[in-house]
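Just so it is clear, the model here is predicted, and its values are computed rather than measured. Proteins come first, then strands; the chains are lettered A, B, ... in the order of their sequence lines, and each starts at number 1.
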Number of protein chains: 2
Amino acid sequence: MPVILKDIAARLNLSVTTVSRALGGYPDVAAETRERVLQAAEEMGYHPDVTAQRLQKRRTDTIGLVIPTSGPRFSDPYFTELLAGVGNETARQQFELLIATRPPDTPEERETYERMVQGHRVDGLLVARTRRRDERIAFLCGNGFPFVAFGRWGEELDFPYLDVDGQAGMDQATQHLINLGHRRIAYIGAPRELMFAHFRLGGYRQAMERHGLPIEDGLIAVGDLTQKGGYEEAQRLLGLKVPPTAILAGNDLTALGVISAAQERGLEVGRDLSVVGFDDIPQVEHAHPSLTTVSQPIYDIGVTICRMLIQLLQGEELTERQVLWQPELVVRSSSGPPGPGTVSRDLAK
Amino acid sequence: MPVILKDIAARLNLSVTTVSRALGGYPDVAAETRERVLQAAEEMGYHPDVTAQRLQKRRTDTIGLVIPTSGPRFSDPYFTELLAGVGNETARQQFELLIATRPPDTPEERETYERMVQGHRVDGLLVARTRRRDERIAFLCGNGFPFVAFGRWGEELDFPYLDVDGQAGMDQATQHLINLGHRRIAYIGAPRELMFAHFRLGGYRQAMERHGLPIEDGLIAVGDLTQKGGYEEAQRLLGLKVPPTAILAGNDLTALGVISAAQERGLEVGRDLSVVGFDDIPQVEHAHPSLTTVSQPIYDIGVTICRMLIQLLQGEELTERQVLWQPELVVRSSSGPPGPGTVSRDLAK
DNA sequence: ATTATAACCTAAAACGTTTCGGGTGTCAAA
DNA sequence: TTTGACACCCGAAACGTTTTAGGTTATAAT
């Protein structure tokens, strides 16, 4: 049986109240008494029952995060890094982190959110990867439940979020390729349902239009954010009669798949084909060739949304309720001028 | 204010007890009464307060997992997949999953375990990646706290675990390379402190010895399980006067780094250099070249250790307390016979 | 000698649930 | 009419805390 307040009180001939207040650091306990309590607690190996504390305080000091996972072979390094940021910050602030992994936009996911909110399992939630018709956000807003999102939302609801300017990021990336001399630039994005897919694709379009370059439907593909998806879409694009000289990927995993497909066709990435990703997950720096990508500080994003949420929970006003960070293009070796061997080089002139 | 039992009781002129028992499905409630209670609960939007239930039942229906993360740029796909398995199974069994991310073998990690155990935050724990001197296991065994480990332990403590036979796996991998004709086979393992590093290295040694091949200290390197570590160690090995014709990596991430280093040196992996990994994370199937690796079903491992733990918590006997799964070598394109261009090919004869 | 103040302590209520040990009323059997 | 059995319901205690609202004693001020 674990030691409880009552045990300490009995041993010291004190009331439970006094023991509690001594441990709680209240000033109306004699210094000597506090000392005795502290020592007894130490000796007896007392640790407060967190459940009882929660019931009494009516908060759980726990935040929740539901990770959208698709299928058993789900493994997105992006989420590991986000999780590391969130996890470390929660711990630093003496909070707990409740995690669920559920396929996005399913009854299971919905139930999980309901469970967390309605059973008071968590004080607040983090919502990752906002979607176009995001019932999670509608649900949380509707219930007035505290949350912070990583990502914006189309509808006119006012909630706290942090987002990275995917449009500006992808614009930069596209601009970079155009500057190198590319004209025929393909794009393998993420499913349309995801908000960020929207913004990133917008950045591509914006940059292309600015330079009067045609946007061909045939050069715009939709992947599934995995390496495999990138591989397959790239195979298709590279098999075109007039293939692109550069491919922009909606995220790094997709980009890695593109590289893989290119290499399998004997192309040298960075010369015969330029590839640019988005995210800057740790893996891509030491890939071959190292990947040019739009870098967003995933770990710091995790830390920050976590910090925002906890601030919110503690009743503080957020200095910035809606934050947009600017990503940064990191040029590495996977992008270069369209090579002499490129089929469509002449078209570029 | 959320609806509580008392509210329902008041509305129906019943006692809290009866309402509770009606909702709990006890037989000593009139069918008609139960019906009224159920309907009122539905109408009023009642959801039990999970904290109060926990306090009363003295269980949390929560299991914990502390993910060992090293540094902010931590991102191991292996853990994402494990997490997906654990997460889905916990949800299926109506449990909650409490996650922490802490650097291994640090005071922070120790405190987190203490917090979880002593504050009764969780009913049981999953321990991943057992270590040679694993204070986590010593602590949990010492406290008689329920847990299941992914990985064995050297010391003579009897606890439930699931492990994959790394020795057999690496033996197979080594055998595969030897069969292909390789003789000069290097090994980039994981830090010695990790139990699995031990077994896997043992498998390499075992196979080499069986074939009377010399085990050169200079060909055995220690990585850090990341792509970067693999890259750096591979650069060193490939820079040797007589470089190896094949490199075995202690995990897939390391293997990807090796491939990257080889390609940077202009080697064609699978011909000029063979590379074999361990884990079979989703990424490696669509890498270029696709990676030959020892496959362990990470997702299923997550599901299984989770299932074992919950069984344990529910007081059931485990049919198998200590399980050892056999991994399987998956041959893809990163391994082949030592090529004609290989420096040390002649030595092999 | 009274009153105010301060220092220290505590009983009891509260948090929302489940469970224990009856209690009441009805009906059938004796 | 009593007795038992049964069906249904309920008060109170319990889970381990914190908080509220004092209570007691000693000391200082009047």
Fill in: Between CG on residue L23(B) and CG on residue L38(B), distance to nearest 0.5 Å
6.0 Å

Response to the item:
A correct 5'-to-3' footprint of nucleotides 9-18 of chain D, with B, S and - meaning base, sugar-phosphate only and no protein heavy atom under 4.0 Å, is BBBB-BBBBB

Worksheet entry | Parallel, tilted or perpendicular, as decided by the 30° and 60° cut-offs, for the rings of F79(A) and F74(A) | tilted

Fill in: Row check, Y78(B) ring normal vs R129(B) NZ/CZ: under 6.0 Å, within 45°
yes

Worksheet entry | Residue pairs, two or more places apart or on separate chains, that pass ring pair (Phe, Tyr, Trp, His ring centres under 6.0 Å) and touch residues 87-122 of chain A | none

Practice prompt. Step through it carefully: locate the ring centre of F159(B), locate the ring centre of F147(B), and say whether they are under 6.0 Å apart.
Written response: yes

